[in-house]
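Counting starts at 1 for both ligands and their atoms, following the listed order.
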Amino acid sequence: MNDNTCRVIAQSGLPSLQIRRRRRAVSTLALVLLAPIVLGAQTKVTPPKNKYTPEQDVEIGLKAAEEARKEFPVIDNDRIDDYLDRIGARLVEASPAELNNHVFQYSFTPLNLKEINAFALPGGPMFVNRGMVEAASREGEVAGVMAHELAHVLLRHGTANATKAQGFQIGALAGAIAGAVVGGGWGELISQGSQFGLGTWLMKYSREYEKQADLLGAQIMARAGYDPRDLGRMFETIQKSSKSSGGPEWMSSHPDPGNRSQYIAKEASMLQIARREDTSTQFESFQAAFNSLPPARSMSEPSRNSDRGEGPASVGRIGDRVPPPATQYRTAQGGRLFQVNVPTNWQALSSNNSMKFVPQNAYGPVEGQTVFTHGVELGVARAPSRDLREATDAFIDALARANPGLRAAGDPRTLTMSRRTAIGTPLVGQSALGSRERIGVYTTFLSDGNLFYYLTVVPEEDASSYAAAFERVGNSIRLNDGR
Ligand SMILES: [Zn+2]
């Protein structure tokens, strides 16, 4: 990280905390004032089951936010900060008291990124892309996306996702949860290995959570004096842009539950929009403030201040022909943990907790998810049990939750990997290419009790041309964890 970035972080971090404290007082007062307003019938939105405490949400979110501020270009502009803070405060004030936990620490940080995206982390930190603001045609549309994100925070969807994943988490807890919120390429940058590639487990909200965030977001908007239909309009803009650019950014973390605009409009018809000062005329000057900034970066450009070696968003194009494994092999290092031999035509994609090796056209976005159709992944996962069979089952359960249709294709076998006892489990699933795919999961324990896995993926029709390579790669794995 360079000094300039440090300065920006320090400046944007501290004032936002002060603003937050001031706002909390305002927030309580506003809720008292709002209470007597009788709203029409509205859909009751109940937070999902969650085994984390709100304090843990905050802790996890602050840590992930720190990462985000290092990875992404934070905009340091008073006019933009103030405007965003004002919308954010207005929405927080309009949040239902029973969900607005007093421990939450809200902040609203503009990022100089061109994708139409925004994300919120557990416990309150929210990030809004310049691309989102520039694509909006009025303040209500920006407020709509922010209300949706705020609803994820209030309903604690990030840690609810982690709760669903039960005892199994890949990588650091904070990383996994940040990934859950962020999704796509961003998730990779922040979560560093939480992304699994086989679909995007733990990487995105379920459609059910999305609908909850839409409905609660609409309710908050109405209470804050915004027309909830603006949220539906912004989603249409996002949808159009992700179709035209093929950009999966927003959709990858916020899958469309279907009929979005319709049910938002229906909810809106039940809501009474609070009367508030009209700030819409200020929106144009807010948008204009972005013109003075350096050009927006794309999230797929590697961060200058990142030393993490995250890979590209895709390797070739999914759907194009995938070449068979080369007959020549090279040795690759997985940090200090392992070494492995892989075909020379497989590209390495590394992150903190895992490494993939994929041939051309085998890794990239499909309908908003990053998938990998051919290749291998080696990585470390937290094991909920000291029993290899139980730990493996938990690992496969987590995979299956994120990859509906994944099922056993035979009995697990005991074998050896790097001269230690391992379990090999054959699975079949649905390939992103439409056909069936074969997945092999090989697991063994590391000396620290974590699970080491070697995972192979190939569509059924290419299985025979990959079998020998998968075996050779597997046999070459050498673990260096001193066991
Ligand atoms: Zn969402």
Side-chain angles (χ1 to χ4, degrees), residues 43 45-48 50 57 61 64-65 68 87-88 91-92 95 99 106 108 111 113 115-129 131-132 135-136 141-164 176-187 190-191 199-221 226 228 230-239 241-242 247-264 267 299 367-370 402:
T43 307
V45 182
T46 314
N50 198 317
D57 274 43
I87 301 176
L91 295 170
V92 169
S95 299
L99 297 177
Y106 301 102
F108 308 93
L111 297 175
L113 289 171
E115 283 79 10
I116 305 182
N117 207 342
F119 65 96
L121 297 166
M126 189 186 299
F127 295 81
V128 179
N129 276 16
M132 172 70 75
E141 296 186 0
V142 173
V145 168
M146 291 174 70
H148 172 100
E149 293 296 340
L150 176 62
H152 281 310
V153 172
L154 295 168
L155 295 165
R156 305 179 54 221
H157 281 161
T159 44
N161 254 350
T163 300
K164 279 198 286 191
I177 291 167
V181 184
V182 180
W186 295 33
I190 296 183
S191 66
T200 47
W201 80 274
L202 265 183
M203 290 301 296
K204 61 176 189 179
Y205 298 121
S206 63
R207 287 178 169 78
E208 180 199 339
Y209 288 5
E210 277 309 290
K211 192 164 179 181
Q212 281 201 327
D214 289 342
L215 295 175
L216 181 60
Q219 292 163 12
I220 291 170
M221 287 181 80
Y226 292 107
D230 280 345
L231 174 59
R233 275 188 276 270
M234 193 65 207
F235 280 135
E236 281 163 22
T237 304
I238 290 168
Q239 192 112 40
S241 101
S242 67
E249 302 81 25
W250 169 273
M251 303 306 287
S252 68
S253 46
H254 304 269
D256 188 348
N259 304 321
R260 209 156 205 169
S261 298
Q262 286 96 310
Y263 68 70
I264 291 171
E267 187 72 17
M299 69 180 213
E367 287 172 7
Q369 296 192 5
T370 300

Presence of N, O or S from E149 under 2.8 Å of the Zn ion (ligand 1):
no

State whether R260 and E210 are salt-bridged, where the test is any N-O pair (Lys NZ or Arg NE/NH1/NH2 against Asp/Glu carboxylate O) under 4.0 Å.
yes

Main chain of T46, side chain of Q212: is a donor-acceptor contact present, judged purely on distance under 3.5 Å?
yes

Residues in salt bridge (charged side-chain N to carboxylate O under 4.0 Å, His left out) contact with D230, at least two apart in sequence or another chain:
R138, R233

Once ring-ring contact (aromatic ring centres under 6.0 Å, His included) is applied, do any residues pair with Y209, and if so which ones, sequence neighbours excluded?
H157

Looking only at N, O or S atoms in E210, which is nearest to the Zn ion (ligand 1)?
OE2

From H148, does some N, O or S atom reach closer than 2.8 Å to the Zn ion (ligand 1)?
yes

